[in-house]
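Encoded as structure tokens, the structure appears first; notes follow it.
Remember, predicted model here, so these are calculated numbers, not experimental data. The figures here come from the full heavy-atom set of this structure, side chains too, leaving out hydrogens, waters and symmetry mates.
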Amino acid sequence: MRSEQEMMDTVLEFARSNSHVRVVTLEGSRANPRIARDDFQDFDITFLVDDLAPFTADDAWLSVFGPVLLMQKPEDMELFPPEQPGYSYLLNFADYRKLDLTLLPLGMLKEYLEGGDGLIRVLLDKDGRIGREIVPTDAAYHLRKPTARMYDDCCNEFWNLTPYVVKGLCRGELLFAVDHLHLLRQELLRMLSWQVGTERGFCFSVGKNYKFLPRFLTEKTAEELMSTYRMDSSSAIWAALLRCHALFRESAGCVANVLGYAYPPYDGRITPYVLEMREKYAKG
């Protein structure tokens, strides 16, 4: 596996030698000073170019970055349409490094700098077009203190999804139940992250897909949360659902107490139904 420096040298050597590439930036976790480096981080690179055509006409030029094990081009896909402008290459190399390379028209430079998430580090600016220091920040991903309406919406969504999980379990449609339990759990994760914010301040990020959240939970809560991912049988899904309910109830209560919000009545209205259906339909 190439070192971080070797990868960056390869990218910048190509950019310096190619006249169409005018600006190069690094994005994502490698641009975030709060995130420790490891070998599993992608290299998220953007080239701002004066002409896309020489790049998109043929993929052969990509070999300069190393032997490609697997490549994805979102803009050429039908099943998974692209989510951003420009043209991108998601490259997995034979040495297991990964480069996510995006090409943007140079005319989009201002929009790119002002409309991004803030995690941008300028690596090369051949023409001095940027004209100011860009300091990477993950502020866009910091926890946000919920308003009373946001808090209620989260509670509403959590308890509104519960009958779908129960319906799937009672019918024996476990994939349906699991899918909705996953959606329900997203609201639990949201509430737990708000609880962390009330305890530690809304001034940091818990990471993409809440990946750092367990670090800020008690050992007991983290273990109970992870146990909700055991869903290989009807009985396991019932247990996971009820554990999600207990965790949500506790976390939502803590958030409500600190922020002065009212815990809405959805829990009291839905929980009797859940327990009755479990008593009637649960097996084992």
Report yes if the distance between the aromatic ring centroids of [X] and [Y] is under 6.0 Å, otherwise no.
X	Y	result
Phe47	His20	no
Phe55	Tyr87	no
Phe204	Phe216	yes

Test the Arg171-Phe176 pair against the cation-pi criterion, namely NZ or CZ under 6.0 angstrom from the six-membered ring centroid and within 45° of the ring axis.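 Because its charged atom misses either the 6.0 Å distance or the 45° angle limit, Arg171 does not stack over Phe176.
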
Side-chain donor/acceptor pairs under 3.5 Å, residues 262-277, sequence neighbours excluded:
from: Tyr263; atom 1: OH; to: Asp267; atom 2: OD2; distance (Å): 2.9
from: Tyr266; atom 1: OH; to: Asp152; atom 2: OD1; distance (Å): 2.8
from: Tyr266; atom 1: OH; to: Asp152; atom 2: OD2; distance (Å): 3.2
from: Asp267; atom 1: OD1; to: Arg249; atom 2: NH2; distance (Å): 3.2
from: Asp267; atom 1: OD1; to: Thr271; atom 2: OG1; distance (Å): 2.6
from: Asp267; atom 1: OD2; to: Arg249; atom 2: NE; distance (Å): 2.6
from: Thr271; atom 1: OG1; to: Arg249; atom 2: NH2; distance (Å): 3.4
from: Thr271; atom 1: OG1; to: Asp267; atom 2: O; distance (Å): 2.9

Can you tell me if [atom1] on [X] sees more than 12 non-hydrogen neighbours from other groups inside 6.0 Å?
X	atom1	result
Lys110	NZ	no
Arg37	CZ	yes
Phe202	CZ	yes
Tyr164	OH	no
Lys145	NZ	no
Tyr229	OH	yes

Under 3.5 Å side-chain donor-acceptor pair for Ser227 and Arg243: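 Yes, because at least one side-chain N or O of Ser227 sits under 3.5 Å from a partner of the opposite role on Arg243.
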
Any chance the side chains of Asp39 and Tyr96 put a donor and an acceptor closer than 3.5 Å?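 Tyr96 and Asp39 do not have a side-chain donor-acceptor pair below 3.5 Å.
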
Contacts under 3.5 angstrom, residues 185-201 side chains, donor-acceptor by atom type, not counting sequence neighbours:
from: Arg185; atom 1: NE; to: Thr228; atom 2: OG1; distance (Å): 3.0
from: Arg185; atom 1: NH2; to: Thr228; atom 2: O; distance (Å): 2.7
from: Glu187; atom 1: OE1; to: Arg190; atom 2: NE; distance (Å): 2.9
from: Glu187; atom 1: OE2; to: Arg190; atom 2: NH2; distance (Å): 3.1
from: Ser193; atom 1: OG; to: Arg190; atom 2: O; distance (Å): 2.6
from: Trp194; atom 1: NE1; to: Arg144; atom 2: O; distance (Å): 3.4
from: Gln195; atom 1: OE1; to: Ser251; atom 2: OG; distance (Å): 2.8
from: Gln195; atom 1: NE2; to: Glu199; atom 2: OE2; distance (Å): 3.2
from: Thr198; atom 1: OG1; to: Gln195; atom 2: O; distance (Å): 2.6

Considering all heavy atoms of both residues, which atom of Cys244 and which atom of Leu184 are nearest to each other, and what is their separation?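 Heavy atoms only, the tightest pair is CB-CD2, 3.8 Å.
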
